[in-house]
Amino acid sequence: MEAAGSASDLNGVHTLAGDHFVLRTRYFDDELLAAGHLQVVVMAAGLDTRAFRLQWPPGTTLFELDLPELLEFKDDALRDQLAVPACDRVTVPCDLRDDWATALIRAGFDPKRPTAWLLEGLFMFLPPDAGEKVLYWVSALSARGSTLALEHVNRAFRDLPQMKAVHQRFDALDARWQSDVEDPVEWLDGYGWDAEVTHQVDLAARHERAVPAITDPHRVGDARIWLASAVRTT
Ligand SMILES: C[S@@+](CC[C@H](N)C(=O)[O-])C[C@H]1O[C@@H](n2cnc3c(N)ncnc32)[C@H](O)[C@@H]1O
């Protein structure tokens, strides 16, 4: 077992939240497949391998957006593994602080078709105005019936004492958490999305697993990692 604080553990983040990541992954897998859309966009995809892991319906195109250097690194690693995507995977190197919408459309994205969007592990890293801009453009590019699944946190979660070492590590990596939201349903409603939040207590029960400590209300009170899914209604 690796000691908390080793490079791959990000100063304890996996020890602290590993079981949360397991549930989160399953939640987003299920939401994306349940959407049933043939156009999927994974924002700030990082090392997300859903294009390879999930059983996509024939005809699915999945766009992965991230910084150019990240996508280059990932493609090298995938090539080494001879990994074959289970859909038409299109990478879109871009900076989400710039005009990523144009880059996405140039890559073949069709805003007239309903889309399943994934925004996992992203919003907390963006300054509030950049997060609003991302959600504005996601919404502007979403035909009626599009779906969105996102992760965010509330202020109480950011302020948890358990998160202090994680924040210090992210700060050192120049990846500071910069935002939070108190009511994701209301936030998404403001952009024309009909959203609902799933609590990890319910998600854990659904999958017959223990509630991850970092999301257990008995341990963290009102601190929340939001898992929200939404349908575009306008
Ligand atoms: C915490 S990772 C999340 C990766 C993946 N979505 C997940 O949840 O596992 C954040 C990702 O955002 C990407 N990122 C950070 N700043 C970005 C920017 N300005 N434009 C595009 N991507 C960015 C990073 O390269 C990284 O892959």
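For ligands, and for the atoms within them, numbers begin at 1 and follow the listed sequence.
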Check each atom of ligand 1 against the heavy atoms of Cys94 and keep those under 4.0 Å away; list them by number with element.
->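 In order of number, 20 (N), 21 (C).
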
Atoms of ligand 1 close to Arg97 [distance to a heavy atom under 4.0 angstrom, numbered from 1] |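 Those of ligand 1 that fall under 4.0 Å from Arg97 are 19 (N).
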
Looking at [X], I want to see if its [atom1] is surrounded by more than 12 non-hydrogen atoms of other residues, nucleotides or ligands under 6.0 Å.
X: Glu69; atom1: CD; answer: yes
X: Arg219; atom1: CZ; answer: no
X: Asp222; atom1: CG; answer: no

Specify side chain, backbone, both or neither for Phe125, according to which of its non-hydrogen atoms lie closer than 4.0 Å to ligand 1.
->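 The part of Phe125 near ligand 1 is the side chain, not the backbone.
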
Ligand 1 versus Arg24, non-hydrogen atoms closer than 4.0 Å: side chain, backbone, both, neither?
->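 Only the side chain of Arg24 comes within reach of ligand 1.
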
Looking at side-chain heavy atoms only, is the closest gap between Asp66 and Thr91 below 4.5 Å?
->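 Contact flag for Asp66/Thr91 side chains = no.
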
Is there a heavy atom in Asp95 that sits closer than 4.0 Å to ligand 1?
->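 Yes; Asp95 lies near enough to ligand 1 that a heavy-atom distance drops under 4.0 Å.
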
Heavy atom of Ala175 under 4.0 Å from ligand 1?
->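 No.
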
From Phe157 CZ over to Ile225 CD1, what is the distance, rounded to the nearest 0.5 angstrom?
->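 Separation between the atoms: 3.5 Å.
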
Does the ring center of Trp117 lie less than 6.0 Å from the ring center of Phe109?
->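 Trp117 vs Phe109: aromatic centres under 6.0 Å.
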
Do the two ring centres, one from Phe123 and one from Trp226, sit under 6.0 Å apart?
->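 They do not qualify: ring centres at least 6.0 Å apart.
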
Give the single entry among Thr25, Val42, Leu67, Leu119 that approaches atom 18 (C) of ligand 1 most closely by any heavy atom.
->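 Heavy atom nearest to atom 18 (C) of ligand 1 belongs to Leu67.
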
Can you find an N/O atom of Leu96 closer than 3.5 Å to an N/O atom of ligand 1?
->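 Yes - when backbone and side-chain N and O of Leu96 are compared with those of ligand 1, one distance drops under 3.5 Å.
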
Closest approach of any protein heavy atom to [atom], naming residue and atom:
atom: atom 10 (C) of ligand 1; answer: Gly121 O, 3.7 Å
atom: atom 4 (C) of ligand 1; answer: Ala44 O, 3.3 Å
atom: atom 27 (O) of ligand 1; answer: Asp66 OD2, 2.7 Å

Whether His37 side chain and Gly145 backbone form a donor-acceptor pair below 3.5 Å =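 It does hold such a pair.
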
